[in-house]
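All remarks here apply to the structure that follows.
Lettering follows sequence order; numbering is per chain, from 1. Not measured: the values here are computed from a predicted model.
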Amino acid sequence: MPDEASRNQLPKTYDFKDVEQRWYNEWLENDLFKATMDPGKPNFSMVIPPPNVTGVLHIGHALNNTLQDILVRYKRMDGYNTLWVPGTDHAGIATQNVVERQLAQEGLTRHQLGREKFIERVWEWKAKSGGRIIEQLKRLGCSCDWSRERFTMDAGLSKAVREVFVRLYEEGLIYRGDYIINWCPRCHTALADIEVEHEQAEGSIWYIRYPLADPDDKKFVTVATTRPETMLGDTAVAVHPDDPRYRDLIGKYLILPLLNRRIPIIADEHVDPEFGTGAVKVTPAHDFNDFEISRRHDLPSIDIFDKNAVLNENAGPYKGLDRYEARRRILEDLKTQGLLEKEEPHVLAAGECYRCRTVVEPRLSKQWFVRIAPLAKPALEAVKNRDTVLVPPSWERTYEEWMTNIRDWCVSRQIWWGHRIPAWTCAHCGELIVARTTPRACPKCGSTELSQETDVLDTWFSSALWPFSTLGWPEDTPELRFFYPTSVLITSFDILFFWVARMMMMGLHFMHDVPFRYVYLHALVRDAKGQKMSKSKGNVIDPLTIMEKYGTDAVRFTLAAFAAQGRDIKLAEERIEGYRHFVNKIWNAARLVLMYAPALDDFMEITREKRPQTVAERWILSRLNQVVATVRQALDEFNFDMAARELYQFFWHEFCDWYLELAKPELNSEEPERVKMAAAVALTVLSKSLRLLHPFMPFVTEELWHHLPGTSGHIMVAPFPKPFKDWEDKEAEETIANLMKVIGGIRNVRAELGIHPGARIDLVAVPHSEAAQRLLASQGQAVRTLARVGRIDLLTPEDRRPHGAATVILEDMELLIPLEGLVDLGEELRKIEREERKILKELDKVKKKLANKNFLQKAPPEIVQKEEEKFRKFTAKLEKIGGRREVLRHLA
RNA sequence: GGGCGGAUAGCUCAGUUGGGAGAGCACCGGCCUUACAAGCCGGGGGUCACAGGUUCAAGCCCUGUUCCGCCUACCA
């Protein structure tokens with residue numbers, strides 16, 4: 001804690017460098033992030049979307065975790081038991097790839113190392129570099145309960161995975177079977193449908209002739225295909241049963257070119273006679289549709305690829321060729337034999353592995369699947385009846401669409417890093433055993449020769465359990481009872497299906513309740529031009545670099561201010577620079593307020609008992625009140641951008657630009673009571689603003705908090721401001737609004753006439769109402785200070801106006817600035833005529849409305865009243881402008 | 001093919017029950033005014049994509065069109 005002298009003396013600019021580290025450590029040392037389980041308080045809990053252990057903090061993480069931290073800090077200050085569970089994901093394929101690349105540098109493959117040694121290597125790597133992203137989250141200021149950090153491969157979480165797998169198997173919701181799946185020839189594993197990405201691209205479609213085995217009037221059937229190389233695995237050609245072109249051929253045989261295999265012509269409803277030639281080659285082992293057809297017609301499957309998508313012995317002369325080389329050769333050979341009819345351009349969307357971008361190969365193999373329909377149904381219902389609310393709600397339809405058309409989930413992966421599937425096969429009798437613990441002997445035949453399934457589970461299988469596995473499930477822990485379901489999940493929309501949907505399914509199935517009450521889906525961070533950031537494009541904004549450069553608070557505030565619902569964030573470095581200026585503004589406002597802190601002695605903040613005196617004081621407190629309400633509501637509704645903008649606008653343009661300027665005369669007054677009151681109001685607004693800002697900018701607010709008089713403890717656990725009804729003051733707001741018009745008008749005249757900002761000018765004011773008189777009487781000091789006015793003379797509307805004066809005309813007031821010689825009366829006349837025309841136009845619109853009977857009848861009375869008020873104001877202003885115009889015409 | 005979102009100032013975007021078009025940045029002009037030049041003061045700039053409709057009243061609601069994104073899909 002700073003001593004009294006340093007408390008009130010701040011350096012001129014804010015240096016975030018040492019501050020950030022210092023306060024983060026202090027929060028940690030004081031256990032301020034730790035969850036409490038006080039039964040007397042409401043709960044707020046979140047689980048972090050676990051970043052990959054391999055990961056490095058990118059701008060998407062920065063956004064995601066900033067938003068979570070804002071919410072959890074807000075709730076913590078607002079008196080909730082808060083729990084934010086952090087952790088990382090083992091990211092099977094990605095992590096395995098990283099370690100394999102390392103091995104490759106040593107000239108090794110994982111196969112040379114063997115499974116156990118390889119896994120050891122991965123753990124070693126994880127111990128050494130796996131914590132990097134966690135450290136980076138700390139730099140971002142995240143207030144996670146680090147004592148509860150979890151990893152998806154931890155013993156506890158692994159136990160949960162086994163429990164879930166076994167239970168689902170016992171319930172018949174997991175099965176093993178030979179099906180066609182997406183195979184990545186580079187990662188050497190099966191992928192789930194959702195892990196395959198489709199990008200449209202220009203390609204070709206080839207028309208190939210398959211000769212009839214017994215030619216009659218027809219010699220061949222032409223098929224169209226985008227993948228000629230798969231013809232080696234063809235076991236039939238299908239046509240639509242009603243297609244007149246082919247009806248007679250059904251049941252006959254074709255000779256598959258190149259391999260000379262006899263294959264039948266079959267009839268299947270699936271074939272679209274309109275497309276291509278209406279005849280489809282059927283390759284059951286390498287195409288999803290063809291696989292379905294083959295099952296309907298009991299056709300054989302011929303796998304022509306090995307795990308690298310290189311042609312195998314079933315490909316005859318093409319054995320050993322890579323699939324693309326094979327395609328070239330096959331097309332060449334067909335051409336030579338006169339069987340290639342034509343090639344046409346064709347748009348297609350080949351599937352790519354989401355981890356490595358290799359084109360995937362549909363492949364028939366033995367895999368494990370989760371039967372999804374029974375799990376998806378309740379997950380769909382939960383969103384429909386709003387047990388879980390998606391924000392923004394536009395995602396509901398997308399979610400529904402996906403949940404309705406979802407297919408069974410392939411969960412087995414042919415890699416080594418992950419949760420090994422708890423299934424064993426008996427070498428003796430072939431029995432399949434699925435068990436929580438390693439079985440010693442086959443329950444059927446008693447043999448001890450059991451071999452465990454070598455596949456591991458999809459990483460998303462374990463992350464689907466995250467909201468309850470991290471809280472201790474399958475044990476019945478106090479945390480689980482206290483914090484499940486979690487309050488909110490904040491994540492990026494692109495993992496809605498990968499992760500959110502699966503957590504919904506698993507949560508409902510195993511916990512009998514949704515995993516979270518709200519899901520807030522934020523957008524992607526793109527570059528300034530709206531392009532996705534990528535290393536290859538070189539347009540990446542690295543959060544660590546910019547945090548280093550502008551400070552963490554500026555980065556966080558920028559991300560929050562741009563986090564509008566349902567829209568991508570286009571981020572440019574200039575934005576962050578702009579918000580760094582805001583951080584500095586806060587710093588300097590605090591410096592000013594603290595200069596007057598000694599005057600406060602015991603008085604401190606404004607409370608119920610201490611009533612503000614001046615109109616400005618009443619005004620700023622009234623505005624503060626509204627801001628408190630707005631910020632709270634915005635955060636409650638996940639409108640982070642609105643909350644941030646409101647705070648920015650209020651603090652800078654109302655508190656700094658107007659209140660502090662208006663307060664300066666008070667602060668420098670000879671009367672101690674006035675100084676005290678002004679300082680107390682300033683301190684109150686500052687203190688509450690800092691608390692409102694703390695969730696967004698934890699560091700600078702904490703630093704300043706400790707310099708404020710009368711504070712204790714840390715701002716991160718100080719109460720979040722609540723609105724205070726007594727401070728509402730519409731009258732003060734109106735007065736200050738009018739004062740701003742007066743000062744603004746005079747400043748405008750000064751600027752237009754090129755009067756030096758330091759020079760004092762005199763003012764002649766003509767009030768046309770009592771309110772105007774009161775304003776001039778009570779706010780003369782403010783006008784003199786903020787508009788650099790010397791004398792203020794008052795005239796009545798009947799008095800003669802001074803010659804050669806610039807004019808400002810308000811609704812109930814004329815302001816004249818006598819500047820003989822400086823004012824070009826001709827220009828002044830033109831200006832006033834311009835203004836007159838503008839008001840006439842406005843007045844015309846109002847008149848039309850008021851003349852409209854329908855408007856008077858149907859519009860709500862308060863709107864009609866408003867229009868009448870406008871009519872009155874415009875007329876009054878016009879009258880004064882007209883008078884002034886006449887005067888100027890005579891003079892000019 | 002199906003679905004979703006966007007089009008508002010030069011740029012990036014707010015505008016939540018329909019009721020006088022806003023902010024930040026950029027730009028122009030003037031200021032080192034004792035908190036802040038990372039600042040202060042002033043200023044210009046918009047047929048709210050287009051066409052209809054509902055309404056006393058539309059940036060906002062409805063219909064259609066154009067353009068731009070994204071997601072999804074087994075026309076080979």
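Considering only the side chain of K866(A), rG19(B) comes nearest among rC36(B), rG19(B), rC75(B). For K585(A), whose side chain is taken as the heavy atoms from C-beta onward, the closest listed nucleotide among rC56(B), rG42(B), rC36(B) is rC36(B). You'll find that the side chain of E401(A) is closest to rG3(B), out of rG3(B), rG39(B), rC75(B). Picking from rC71(B), rA14(B), rA38(B) the nucleotide with the shortest atom distance to the side chain of F497(A) gives rC71(B).
Within the 4.0 angstrom heavy-atom criterion, only backbone atoms of the sugar-phosphate kind lie near D657(A); the bases stay farther away. Residue A564(A) is in sugar-phosphate contact alone, with no base atom involved, counting any heavy-atom pair closer than 4.0 Å across all strands shown. At a threshold of 4.0 angstrom between heavy atoms, the contacts of K873(A) with the nucleic acid are absent. At the heavy-atom level, G351(A) lies nowhere under 4.0 Å from the strands shown.
To the nearest whole angstrom, the two C1' atoms, one in rG44(B) and one in rA9(B), are 11 Å apart.
Summarising the geometry, the separation between CD on E867(A) and C1' on rG19(B) is reported as 8 Å, rounded to the nearest angstrom.
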Its dot-bracket string being built from Watson-Crick and G-U pairs below 3.5 Å, with | for another strand and [ ] for crossing, RNA chain B has the pattern (((((((..((((.....[..)))).(((((.......))))).....(((((..]....))))))))))))....
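Checking the phosphate oxygens (OP1, OP2) of rG24(B), a side-chain nitrogen or oxygen of H653(A) falls inside 4.0 Å.
Under the side-chain hydrogen bond (donor to acceptor under 3.5 Å, both in side chains) criterion, no residue pair touches residues 851-860 of chain A, with sequence neighbours excluded.
Both W652(A) and P273(A) sit near RNA chain B, but only W652(A) has its closest nucleotide nearer the 5' end.
No hydrogens or angles were tested; on distance alone, nothing pairs the side chain of K12(A) with the base of rC36(B) as donor and acceptor under 3.5 Å. Donor-acceptor pairing under 3.5 Å, judged by distance alone, is absent between the side chain of E646(A) and the base of rA14(B).
Judged by distance alone, the side chains of E637(A) and Q633(A) do bring a donor and an acceptor atom under 3.5 Å apart.
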